[in-house]
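Shown next, in structure tokens, is the structure this report addresses.
Quick note on labels: first sequence line is chain A, next is B, and so on, each numbered from 1.
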There are 2 protein chains.
Amino acid sequence: MLKEKYTQYSFLLDRTARRVKQYAQAAFAQKDFDITIDQWAILKVLYNDDPMTHKDLAEKCGKDQPTLTRIIDLLIKKELVQRVEHPDDRRCLQIMLSGNGKQKVEELTPAVAEIRMKAWSNLSEEDFAHFTRILNTIYNNLNQPI
Amino acid sequence: MLKEKYTQYSFLLDRTARRVKQYAQAAFAQKDFDITIDQWAILKVLYNDDPMTHKDLAEKCGKDQPTLTRIIDLLIKKELVQRVEHPDDRRCLQIMLSGNGKQKVEELTPAVAEIRMKAWSNLSEEDFAHFTRILNTIYNNLNQPI
DNA sequence: TAGCAATTATTAGTGTGACAACTAAAATAG
DNA sequence: CTATTTTAGTTGTCACACTAATAATTGCTA
């Protein structure tokens with residue numbers, strides 16, 4: 001491979017990831033969802049698998065633990081989730097959706113899907129398959145110590 | 001297209017972009033480059049096209065202006081770039097590399113290329129072409145007001 | 001030419017990301 | 001059963017992203 005050519009991907013990747021996030025965030029703001037993209041991602045995971053410990057939730061969401069702690073703090077302020085003690089291990093805290101939280105996920109899910117789909121105009125099923133495969137390969141290539 | 005399936009890409013995209021950045025940052029730290037990935041990106045652009053105004057530099061780097069202002073502040077502290085006044089427009093400030101900055105770019109370029117290549121193990125030239133095309137398509141799809 | 005609009009850069013505020021250091025509790029070794 | 005190590009979570013610090021608001025300057029227009 002010619003090196004120079006291949007060092008540009010990181011710019012495109014970063015730029016596109018930010019654009020996707022920013023587009024969705026702007027749509028959330030316009031529709032008064034009163035929640036950020038990252039907060040949404042966490043609610044969505046909890047909706048499917050609830051309760052979960054901080055550690056498991058962080059792993060599932062692909063965030064580190066300090067970041068997760070802070071996002072959960074914000075979600076608690078908004079009364080969308082609760083922290084409850086783990087029955088067997090007093091180090092652990094489990095997170096679960098509140099009634100409000102469940103309702104929020106159910107209300108917003110269709111609109112979020114609509115927003116997310118916008119990215120895939122002019123692209124095919126095959127493109128989607130390529131894209132996810134390549135992203136996962138890159139992730140795994142770098143998912144080791146230097 | 002089936003919507004549910006296609007709403008997952010944003011998670012993978014975000015996760016991979018963060019991993020790429022974090023991998024490169026860890027490599028920078030290990031080699032004592034004393035600079036962040038985003039700071040590097042700006043130095044690299046300036047090396048090819050120097051001087052540039054804040055506005056043009058922000059656009060070229062895909063960053064917004066407040067972010068750029070702060071990164072430039074940090075680069076000035078490290079004495080890698082300088083701000084100079086625009087000859088014709090006193091609103092504008094132009095940024096140019098210092099001697100140190102130029103030297104830094106020349107020293108680090110090969111090592112950075114090496115680090116960036118790691119992501120492409122197990123992938124082909126064709127994958128690269130797909131990947132950049134799809135990223136650009138997504139970017140353009142979302143590069144309009146909601 | 002005086003007044004208003006557009007442009008360039010900065011500052012403030014909030015949210016997120018990475019890393020290091022810390023506390024508390026549990027697991028394990030001796 | 002005590003002492004050490006490991007694990008779960010939090011806090012602190014710095015860097016970056018996005019929005020809104022602001023200051024300074026320029027350009028336009030009446």
For [X] and [N], give me the distance from atom [atom1] to atom [atom2], rounded to whole Å.
X: A/D64; N: D/dT10; atom1: CG; atom2: P; result: 13 Å
X: A/R18; N: C/dG15; atom1: CZ; atom2: C1'; result: 15 Å
X: A/E59; N: D/dA8; atom1: CD; atom2: C1'; result: 13 Å
X: B/R19; N: C/dA18; atom1: CZ; atom2: C1'; result: 11 Å
X: B/F11; N: C/dT16; atom1: CZ; atom2: C1'; result: 16 Å
X: B/H86; N: D/dT25; atom1: NE2; atom2: C1'; result: 13 Å
X: B/K21; N: C/dA18; atom1: NZ; atom2: P; result: 9 Å
X: A/E85; N: C/dA24; atom1: CD; atom2: P; result: 15 Å

Hey, is A/D73 close enough to A/K77 for a salt bridge, meaning N to O under 4.0 Å?
no

Report yes if at least one side-chain N or O of [X] is closer than 4.0 Å to OP1 or OP2 of [N]; otherwise report no.
X: B/R90; N: D/dT25; answer: yes
X: A/K63; N: C/dG17; answer: yes
X: A/Q39; N: C/dT16; answer: yes
X: B/R91; N: D/dA24; answer: no
X: A/R83; N: D/dT10; answer: yes
X: B/Q25; N: C/dG17; answer: no

Just by distance, no angles: are the side chains of B/H54 and B/R83 close enough, under 3.5 Å, to form a donor-acceptor pair?
yes

Would you say B/S124 and B/D127 are linked by a side-chain donor-acceptor pair, where the criterion is simply a distance under 3.5 Å?
yes

Would you mind classifying the nucleic acid contact of B/I71 as base, sugar-phosphate or nothing, using non-hydrogen atoms under 4.0 angstrom?
sugar-phosphate

Does A/D38 reach a base, just sugar-phosphate, or nothing at all? Heavy atoms under 4.0 Å.
sugar-phosphate

Taking the side chain as C-beta and beyond, is there a heavy-atom pair between B/I138 and B/L142 under 4.5 Å?
yes

Are any of the side-chain heavy atoms of B/I35 and B/F28 separated by less than 4.5 Å?
yes

Residue whose nearest DNA chain C nucleotide is more 5′ - B/C92 or B/D14
B/C92

Look only at the side chain of B/Q25 and the backbone of B/I37, and say whether a donor-acceptor pair between them is shorter than 3.5 Å.
yes

5' priority, DNA chain D, between A/D89 and B/L74 [closest heavy atom]:
A/D89

Take A/K60 and A/D56 through the salt bridge (charged side-chain N to carboxylate O under 4.0 Å, His left out) test and state the conclusion after the steps.
CA-CA 6 Å; A/K60 184 102 177 175; A/D56 292 343; over 6 Å; no

In a check of side chain to side chain contact (heavy atoms under 4.5 Å, CB included) between B/L43 and each of B/D50, B/T109, B/V105, B/L108, which one passes?
B/V105

Check the surroundings of atom CD in B/E126: do more than 12 heavy atoms from other residues, nucleotides or ligands lie under 6.0 Å from it?
no

ILVMFWY network linking A/I72 to A/L74, side-chain heavy atoms under 4.5 angstrom:
no

Near DNA chain D, under 4.0 Å by heavy atom, which residues of residues 43-58 of chain B?
none

Output a table of nitrogen or oxygen pairs between the protein and nucleotides 11-13 of chain D separated by less than 3.5 Å.
from, atom 1, to, atom 2, distance (Å)
D/dG12, O6, A/R70, NH2, 2.6

